[in-house]
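Everything on this sheet refers to the single structure shown next.
Fair warning: this is a prediction, and the values are worked out from it, not measured in the lab.
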Amino acid sequence: MAVAGAGLSGCGLTRAAPASDPDASAFRAPEGVAQMSLAAALHPRAGESELGNSVASLGDPTLGGFWVRTPLVTRAVKGRVVNKRSGASVQVDLLPMPSGGNDAQMSLATMRLLTPSLTDLPEVALFAG
């Protein structure tokens, strides 16, 4: 799942700054793409199981791809991560992370699609499957 140049080209998203903050780097879906409601995004899809919630920070920015390291899995599995505030959702590789808590680390590419700011520490829901 490694993606060279984790920019916006080819991912279907465009960068848009909210009128109230011209320096913010928020993301929105292109014209004509339906937005999923927050309730729908936080509900497991067919074949998914809900793992739990985490507060996510930026992981190693030198590792490419779409991944989340979490203590909620014991082996690498395919999954989905959802920003609980915005409903933004990204398909990811869920990777085990030995830790005593529920905190998670996300790849730079995942963080860019999931949050309006790379310094944000979003609460996320994790799903396997």
Side-chain angles (χ1 to χ4, degrees):
M1 281 184 99
V3 176
L8 295 175
S9 62
C11 72
L13 297 179
T14 56
R15 191 179 292 257
S20 62
D21 186 358
D23 294 327
S25 57
F27 296 96
R28 63 178 168 76
E31 197 69 34
V33 174
Q35 294 288 332
M36 183 180 294
S37 73
L38 181 58
L42 292 173
H43 186 68
R45 297 176 183 167
E48 284 184 338
S49 59
E50 185 172 357
L51 297 175
N53 299 317
S54 292
V55 174
S57 62
L58 181 62
D60 184 346
T62 65
L63 299 176
F66 294 90
W67 52 265
V68 174
R69 288 197 190 281
T70 176
L72 299 176
V73 297
T74 57
R75 62 182 176 82
V77 296
K78 298 291 184 187
R80 182 170 61 100
V81 59
V82 179
N83 182 320
K84 291 187 71 171
R85 185 179 327 155
S86 69
S89 176
V90 178
Q91 296 294 123
V92 295
D93 290 322
L94 296 172
L95 307 173
M97 178 175 77
S99 138
N102 275 352
D103 293 345
Q105 295 177 347
M106 293 190 288
S107 68
L108 180 59
T110 302
M111 188 71 101
R112 282 183 166 168
L113 293 179
L114 207 59
T115 65
S117 168
L118 294 178
T119 59
D120 193 11
L121 293 175
E123 184 177 1
V124 297
L126 297 169
F127 300 90

Exercise. Tell me, please, which residues at least two apart from A128 pass side-chain contact (heavy atoms from CB on, under 4.5 Å).
Key: S49, L51, V77, L94
Practice problem: Give the minimum heavy-atom separation between M106 and V68, together with the two atoms involved. | Solution: CG-CG2, 3.8 Å
Exercise. Identify the two heavy atoms, one from G59 and one from Q105, that lie closest to each other, and give their separation to 0.1 Å.
Key: CA-CB, 3.8 Å
Quiz item: F66 and V81: same hydrophobic cluster, using ILVMFWY side-chain contacts below 4.5 Å?
Solution: yes
Practice problem: Check the pair L126, T70 against side-chain contact (heavy atoms from CB on, under 4.5 Å), reporting the backbone distance first and the verdict last. | Solution: CA-CA 9 Å; L126 297 169; T70 176; 3.6 Å; yes
Quiz prompt | Nearest-0.5 Å distance, OG of residue S89 to CG of residue L114 | solution = 8.0 Å
Quiz item: What distance separates S54 OG from E123 CD, expressed to the nearest 0.5 Å?
Solution: 8.5 Å
Self-check item: For D120, all residues meeting side chain to side chain donor-acceptor pair (under 3.5 Å), sequence neighbours excluded
Solution: none
Quiz item: Atom CG in L113, atom CE in M111: separation rounded to 0.5 Å?
Solution: 11.5 Å
Quiz prompt | Residues in side-chain contact (heavy atoms from CB on, under 4.5 Å) contact with S107, at least two apart in sequence or another chain | solution = W67, A109, T110
Quiz item: Which residues pass the side chain to side chain donor-acceptor pair (under 3.5 Å) test with T74, sequence neighbours left out?
Solution: none
Quiz item: Which pairs pass salt bridge (charged side-chain N to carboxylate O under 4.0 Å, His left out) with one or both residues in residues 46-67, sequence neighbours excluded?
Solution: E48-R80
Quiz item: Between P122 and N83, which heavy-atom pair has the shortest distance, and what is it?
Solution: CB-ND2, 3.8 Å
Quiz item: If you measure only the distance, is there a donor-acceptor pair under 3.5 Å linking the side chains of T119 and S117?
Solution: yes
Quiz item: salt bridge (charged side-chain N to carboxylate O under 4.0 Å, His left out): which pairs involve residues 64-75, sequence neighbours left out?
Solution: none
